[in-house]
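If you're wondering where the values come from, they're calculated on a predicted model, not measured in any experiment. Position 1 is the first residue of the sequence, and the numbers go up from there.
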Amino acid sequence: MTFNLAESGLLVINKPSGITSYGVVRKVKHLLQIDKVGHCGTLDPMAEGVLLVLFGSSTKMQSVLMGQRKVYRTVLSLGVRTDTGDITGKIIEKKETRDIQKEDLLNALKKFSGEIRQLTPHFSAVKVNGKKMYELAREGITVERPPRIVNIHEIELRGFNRDEVSLRVECSSGTYIRTLCEDIGEELGMPATMKYLCREKIGNYDISAAIALSEMDKLGRDGLLDRKINLSSEIQNANCKMQN
């Protein structure tokens with residue numbers, strides 16, 4: 001198998017809140033006039049930040065890029081739990097908050113460092129019996145939440161008050177920040193839900209070098225191709241492995 005490297009590459013996009021990851025993919029398809037486009041790891045519509053978009057033969061690298069470490073900035077809201085695990089969902093529990101001591105918060109966060117076990121959110125794209133969990137949840141069908149082992153490489157407290165906690169999290173692929181927020185709240189003895197999420201980094205690709213969605217129309221096809229990252233060496237290595 002051979003790869004055409006002429007029109008392929010990686011775009012690092014800064015996805016704003018309010019658009020789906022696939023909506024960004026559609027926009028790239030339209031601007032580049034290329035059918036073969038995909039992203040490396042979904043960001044929920046409410047979330048913002050780094051979205052890696054591959055096009056052309058570079059889509060062969062999707063699984064490799066998806067497996068890289070990720071860095072998130074998140075704010076969890078205390079005293080409320082929703083059905084989706086984030087602030088856009090339906091409130092299913094509400095409780096009066098209390099003052100939190102920094103020492104207690106830091107001790108709670110220590111329990112979420114290293115390898116931890118997470119339950120997959122009901123509103124996720126994980127398939128159970130051939131159907132996505134969020135589709136089942138919207139139909140009111142409750143299924144057992146499959147567990148997974150993830151790695152929290154670093155969790156840093158950025159600020160807090162009695163109602164909110166701000167964190168920076170460096171983690172392995174497959175980590176659900178919504179679930180992490182809920183679990184931290186449970187450790188503190190309060191319901192919690194994710195209020196804000198920004199993915200700041202995937203592997204070596206940082207938000208500081210990302211293309212704003214609002215900038216894409218101005219750049220157009222030629223401008224986007226000028227901003228692409230060439231993955232030719234990685235693709236050629238993949239080509240050799242597939243041939244051997």
Side-chain angles (χ1 to χ4, degrees), residues 1-73 86 88 123-127 130-135 138 173-175 177 196-244:
M1 182 182 294
T2 59
F3 297 104
N4 175 17
L5 303 178
E7 289 190 343
S8 66
L10 166 68
L11 294 172
V12 183
I13 307 296
N14 185 355
K15 185 190 94 65
S17 177
I19 185 173
T20 65
S21 297
Y22 186 65
V24 176
V25 168
R26 284 200 306 266
K27 192 170 185 65
V28 172
K29 280 185 178 183
H30 172 71
L31 290 171
L32 292 184
Q33 300 170 26
I34 294 175
D35 289 331
K36 200 169 186 180
V37 181
H39 66 74
C40 303
T42 302
L43 276 176
D44 291 336
M46 72 159 288
E48 60 188 52
V50 174
L51 186 70
L52 301 184
V53 178
L54 296 166
F55 61 94
S57 55
S58 291
T59 54
K60 300 289 183 182
M61 298 302 298
Q62 188 177 41
S63 61
V64 175
L65 294 176
M66 284 181 69
Q68 296 185 101
R69 286 190 185 190
K70 297 173 175 66
V71 176
Y72 294 93
R73 187 160 38 90
D86 62 54
T88 67
F123 281 81
S124 70
V126 172
K127 288 186 177 181
K131 201 161 187 179
K132 292 177 181 177
M133 288 183 67
Y134 70 78
E135 294 173 338
R138 286 169 181 167
S173 176
T175 303
I177 303 298
Y196 171 80
L197 182 67
C198 176
R199 186 156 64 194
E200 297 186 326
K201 195 172 183 180
I202 301 179
N204 294 322
Y205 305 108
D206 191 270
I207 194 169
S208 60
I211 303 167
L213 193 71
S214 59
E215 187 184 358
M216 289 172 61
D217 286 323
K218 297 176 185 177
L219 288 171
R221 176 181 166 84
D222 292 341
L224 282 176
L225 291 175
D226 286 342
R227 296 282 297 272
K228 76 174 185 177
I229 295 170
N230 195 345
L231 299 177
S232 58
S233 59
E234 289 87 346
I235 293 174
Q236 287 167 345
N237 289 335
N239 185 21
C240 291
K241 290 178 181 179
M242 291 175 72
Q243 288 178 336
N244 292 335

Among pairs that include at least one residue of residues 213-224, which meet side chain to side chain donor-acceptor pair (under 3.5 Å), considering only residues two or more places apart or in two chains? Glu7-Arg221, Lys27-Asp217, Glu215-Arg227
CZ on Phe55 to NZ on Lys29, rounded to 0.5 Å: 13.5 Å
Is the shortest heavy-atom distance from the side chain of Asp44 to the side chain of Leu197 under 4.5 Å? no
Measure the OG-CE distance between Ser8 and Met61 for me, rounded to the nearest 0.5 Å. 11.0 Å
Between Met216 and Ile13 the two heavy atoms that sit nearest each other are SD-CD1, 3.9 Å
Minimum-distance pair of heavy atoms, taken over all atoms of Thr59 and Gly38: CG2-N, 4.2 Å
Taking Asp86 for its side chain and Thr88 for its backbone only, find out whether a donor-acceptor pair lies under 3.5 Å. yes
Partner residues of Ser21 under the side chain to side chain contact (heavy atoms under 4.5 Å, CB included) criterion, sequence neighbours left out: Lys15, His39, Thr42, Leu43, Leu51
How close do Ile19 and Val24 get, counting heavy atoms only, and between which atoms? CD1-N, 4.0 Å
Report yes or no: does Ser58 contribute a side-chain atom to a donor-acceptor pair with the main-chain N or O of Gly9 at less than 3.5 Å? yes
So does Asp35 have more than 12 non-hydrogen atoms from other groups sitting under 6.0 Å from CG? no
Distance from Leu225 atom CG to Asn230 atom CG, nearest 0.5 Å? 11.0 Å
Are Tyr205 and Leu65 packed together at the side-chain level, in the sense that at least one heavy-atom pair is separated by less than 4.5 angstrom? yes
Side chain of Thr20, backbone of Pro45: donor and acceptor closer than 3.5 Å? no
With distance as the sole test, does Arg73 use its side chain to make a donor-acceptor pair with the main-chain N or O of Cys198 at under 3.5 Å? no
Could you tell me the separation between the CD1 atom of Ile211 and the CG atom of Leu224, rounded to the nearest 0.5 Å? 5.5 Å
Just verifying a value: how many Å separate Lys60 NZ and Lys36 NZ, rounded to the nearest 0.5 Å? 4.5 Å
So CG of Leu52 and CD of Gln68: to nearest 0.5 Å the spacing works out to 7.5 Å
